[in-house]
Amino acid sequence: MPKMLLLPKLTMSLGGYIRETVEIYEEDGVKEFPHRNVVVGNPTNEPIKIDVPAYDEDWVKRHQELGLIVVPVEMDQDFVGIFKMVEEKVKKANL
(Lines give C-alpha, C1' and ligand atoms only; values in the text may rest on other atoms or scores of the structure.)
Protein backbone atom coordinates (compact mmCIF):
# COMPACT_ATOMS: atom_id res chain seq x y z
CA MET A 1 0.00 0.00 0.00
CA PRO A 2 1.32 3.49 -0.80
CA LYS A 3 2.45 5.64 2.11
CA MET A 4 2.75 9.36 2.73
CA LEU A 5 4.94 11.06 5.31
CA LEU A 6 3.11 13.29 7.80
CA LEU A 7 5.72 15.66 9.19
CA PRO A 8 5.94 16.56 12.90
CA LYS A 9 3.42 19.14 14.16
CA LEU A 10 1.61 19.15 10.81
CA THR A 11 -2.15 18.97 10.20
CA MET A 12 -3.60 18.00 6.85
CA SER A 13 -6.81 17.02 5.12
CA LEU A 14 -6.97 13.70 3.31
CA GLY A 15 -9.96 14.65 1.13
CA GLY A 16 -7.98 13.94 -2.04
CA TYR A 17 -6.65 10.66 -0.66
CA ILE A 18 -9.90 8.81 -0.08
CA ARG A 19 -11.08 6.00 -2.31
CA GLU A 20 -14.37 7.37 -3.63
CA THR A 21 -15.77 4.43 -5.54
CA VAL A 22 -16.17 0.73 -4.96
CA GLU A 23 -17.92 -0.22 -8.20
CA ILE A 24 -15.07 -2.38 -9.45
CA TYR A 25 -14.76 -4.03 -6.01
CA GLU A 26 -18.45 -4.74 -5.33
CA GLU A 27 -18.12 -8.44 -6.06
CA ASP A 28 -15.50 -8.68 -3.29
CA GLY A 29 -17.89 -7.19 -0.72
CA VAL A 30 -15.87 -3.99 -0.33
CA LYS A 31 -17.71 -1.15 1.40
CA GLU A 32 -17.34 2.56 0.63
CA PHE A 33 -15.16 4.66 2.92
CA PRO A 34 -17.72 6.02 5.39
CA HIS A 35 -16.47 9.63 5.67
CA ARG A 36 -16.31 12.52 3.20
CA ASN A 37 -12.96 13.67 4.55
CA VAL A 38 -10.48 12.97 7.32
CA VAL A 39 -8.36 15.54 9.15
CA VAL A 40 -5.08 14.14 10.46
CA GLY A 41 -2.65 15.85 12.82
CA ASN A 42 0.77 14.69 13.93
CA PRO A 43 1.34 15.94 17.50
CA THR A 44 4.69 14.14 17.82
CA ASN A 45 8.19 15.37 17.09
CA GLU A 46 8.75 12.54 14.59
CA PRO A 47 7.47 12.07 11.04
CA ILE A 48 4.90 9.27 10.74
CA LYS A 49 4.06 7.27 7.62
CA ILE A 50 0.34 7.02 6.86
CA ASP A 51 -1.44 4.76 4.39
CA VAL A 52 -2.97 6.53 1.39
CA PRO A 53 -5.50 6.41 0.02
CA ALA A 54 -7.87 5.68 2.90
CA TYR A 55 -9.70 2.51 1.86
CA ASP A 56 -11.67 1.06 4.73
CA GLU A 57 -13.47 1.74 7.99
CA ASP A 58 -10.51 0.57 10.09
CA TRP A 59 -8.22 3.25 8.62
CA VAL A 60 -9.13 5.77 11.34
CA LYS A 61 -8.46 3.35 14.22
CA ARG A 62 -5.17 2.09 12.78
CA HIS A 63 -3.83 5.62 12.43
CA GLN A 64 -5.00 6.76 15.87
CA GLU A 65 -2.98 3.85 17.26
CA LEU A 66 0.11 5.42 15.65
CA GLY A 67 -0.34 8.45 17.91
CA LEU A 68 -2.02 10.67 15.32
CA ILE A 69 -5.03 12.88 15.92
CA VAL A 70 -7.58 11.59 13.40
CA VAL A 71 -11.00 13.21 13.04
CA PRO A 72 -13.43 11.96 10.38
CA VAL A 73 -15.56 14.65 8.72
CA GLU A 74 -19.14 13.89 7.71
CA MET A 75 -21.25 15.67 5.08
CA ASP A 76 -23.11 17.90 7.56
CA GLN A 77 -20.08 18.92 9.64
CA ASP A 78 -18.00 22.11 9.55
CA PHE A 79 -14.75 21.08 7.86
CA VAL A 80 -12.89 24.34 8.60
CA GLY A 81 -13.87 24.23 12.27
CA ILE A 82 -12.70 20.63 12.62
CA PHE A 83 -9.43 21.40 10.82
CA LYS A 84 -8.72 24.35 13.15
CA MET A 85 -9.59 22.23 16.20
CA VAL A 86 -7.07 19.55 15.15
CA GLU A 87 -4.44 22.23 14.44
CA GLU A 88 -4.90 23.59 17.97
CA LYS A 89 -4.58 20.10 19.51
CA VAL A 90 -1.37 19.54 17.55
CA LYS A 91 0.07 22.89 18.67
CA LYS A 92 -0.75 22.20 22.34
CA ALA A 93 0.63 18.65 22.35
CA ASN A 94 3.86 18.15 24.24
CA LEU A 95 4.87 14.77 22.91
Side-chain angles (χ1 to χ4, degrees):
M1 171 174 279
K3 305 260 186 206
M4 178 170 39
L5 198 61
L6 185 58
L7 298 175
K9 306 297 183 188
L10 183 69
T11 300
M12 68 181 301
S13 163
L14 295 183
Y17 295 97
I18 294 173
R19 184 195 62 206
E20 295 179 351
T21 183
V22 295
E23 291 174 12
I24 61 174
Y25 306 106
E26 285 178 351
E27 291 178 8
D28 296 332
V30 174
K31 297 177 184 174
E32 290 186 30
F33 190 71
H35 314 291
R36 78 169 171 136
N37 203 336
V38 179
V39 178
V40 181
N42 182 358
T44 72
N45 292 319
E46 299 290 328
I48 295 178
K49 289 182 185 177
I50 61 174
D51 298 331
V52 290
Y55 282 106
D56 56 35
E57 295 178 25
D58 295 329
W59 191 98
V60 172
K61 182 180 175 187
R62 285 194 316 268
H63 288 79
Q64 286 171 334
E65 290 171 355
L66 294 175
L68 298 171
I69 299 168
V70 182
V71 180
V73 182
E74 307 306 330
M75 291 301 282
D76 59 341
Q77 291 181 311
D78 174 24
F79 167 76
V80 175
I82 291 172
F83 191 90
K84 289 183 180 192
M85 177 204 52
V86 173
E87 272 186 323
E88 283 301 312
K89 285 184 177 182
V90 168
K91 285 180 189 176
K92 292 179 180 178
N94 293 322
L95 300 176

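The figures here come from the full heavy-atom set of this structure, side chains too, leaving out hydrogens, waters and symmetry mates.
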Visitor: Does some side-chain heavy atom of Phe83 sit less than 4.5 Å from a side-chain heavy atom of Asn37?
Guide: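 No, side chains not in contact.
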
Visitor: Does one hydrophobic cluster hold both Trp59 and Ile48, with members joined at side-chain heavy-atom distances below 4.5 Å?
Guide: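 Yes; Ile48 is reachable from Trp59 via cluster members.
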
Visitor: Per the side chain to side chain contact (heavy atoms under 4.5 Å, CB included) rule, which among Asn42, Leu66, Thr44, Val52 passes with Leu6?
Guide: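 Only match with Leu6 under side chain to side chain contact (heavy atoms under 4.5 Å, CB included): Asn42.
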
Visitor: Apply side-chain contact (heavy atoms from CB on, under 4.5 Å) to Lys89 and list each qualifying residue two or more places apart in sequence or on a separate chain.
Guide: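 Once residues adjacent in sequence are excluded, the partners of Lys89 under the side-chain contact (heavy atoms from CB on, under 4.5 Å) criterion are Ile69, Met85.
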
Visitor: Once side-chain hydrogen bond (donor to acceptor under 3.5 Å, both in side chains) is applied, what residue pairs with a partner in residues 78-87 remain, sequence neighbours excluded?
Guide: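 Every pair satisfying side-chain hydrogen bond (donor to acceptor under 3.5 Å, both in side chains) with a residue in residues 78-87: there are none.
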
Visitor: Test your reading of the model: is there a side-chain donor-acceptor pair from Lys49 to the backbone of Met4, 3.5 Å cut-off?
Guide: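 Here the side-chain-to-backbone pair does not exist.
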
Visitor: Under the salt bridge (charged side-chain N to carboxylate O under 4.0 Å, His left out) test, which residues partner Glu88, sequence neighbours left out?
Guide: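 Only Lys91 meet the salt bridge (charged side-chain N to carboxylate O under 4.0 Å, His left out) criterion with Glu88.
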
Visitor: What residues, two or more places apart in sequence or in another chain, satisfy side chain to side chain donor-acceptor pair (under 3.5 Å) together with Lys3?
Guide: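 Side chain to side chain donor-acceptor pair (under 3.5 Å) list for Lys3, sorted by chain: Asp51.
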
Visitor: Side chain to side chain donor-acceptor pair (under 3.5 Å) with Gln77: which residues, sequence neighbours excluded?
Guide: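 Listed in chain order: nothing, the list is empty.
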
Visitor: Cluster question for you: counting only ILVMFWY and a side-chain heavy-atom cut-off of under 4.5 Å, with indirect links fine, are Val73 and Val70 together?
Guide: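 Hydrophobic grouping puts Val73 apart from Val70.
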
Visitor: Tell me whether Val40 shares a hydrophobic cluster with Val60, the cluster being built from Ile, Leu, Val, Met, Phe, Trp, Tyr side chains joined at under 4.5 Å.
Guide: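 As far as the 4.5 Å side-chain criterion goes, Val60 and Val40 are connected within one cluster.
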
Visitor: What closest approach, in Å, do Pro47 and Pro8 show between heavy atoms, and which atom pair accounts for it?
Guide: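 Taking Pro47 first and Pro8 second, the nearest heavy atoms are N-CG, 3.7 Å.
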
Visitor: In terms of hydrophobic clustering (I, L, V, M, F, W, Y; side-chain heavy atoms under 4.5 Å; direct or indirect links), are Leu68 and Leu5 co-clustered?
Guide: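 In one cluster with Leu68: Leu5, yes.
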
Visitor: Give the cluster check for Phe79 versus Val71: same hydrophobic cluster or not, with ILVMFWY residues linked at side-chain heavy-atom distances below 4.5 Å.
Guide: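 Per the 4.5 Å side-chain linkage, Phe79 and Val71 are co-clustered.
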
Visitor: Are Leu10 and Val90 packed together at the side-chain level, in the sense that at least one heavy-atom pair is separated by less than 4.5 angstrom?
Guide: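 The answer is no; the side chains never approach within 4.5 Å.
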
Visitor: Can you list every side-chain hydrogen bond (donor to acceptor under 3.5 Å, both in side chains) pair that touches residues 63-73, not counting sequence neighbours?
Guide: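 Residue pairs passing side-chain hydrogen bond (donor to acceptor under 3.5 Å, both in side chains), neighbours aside: none found.
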
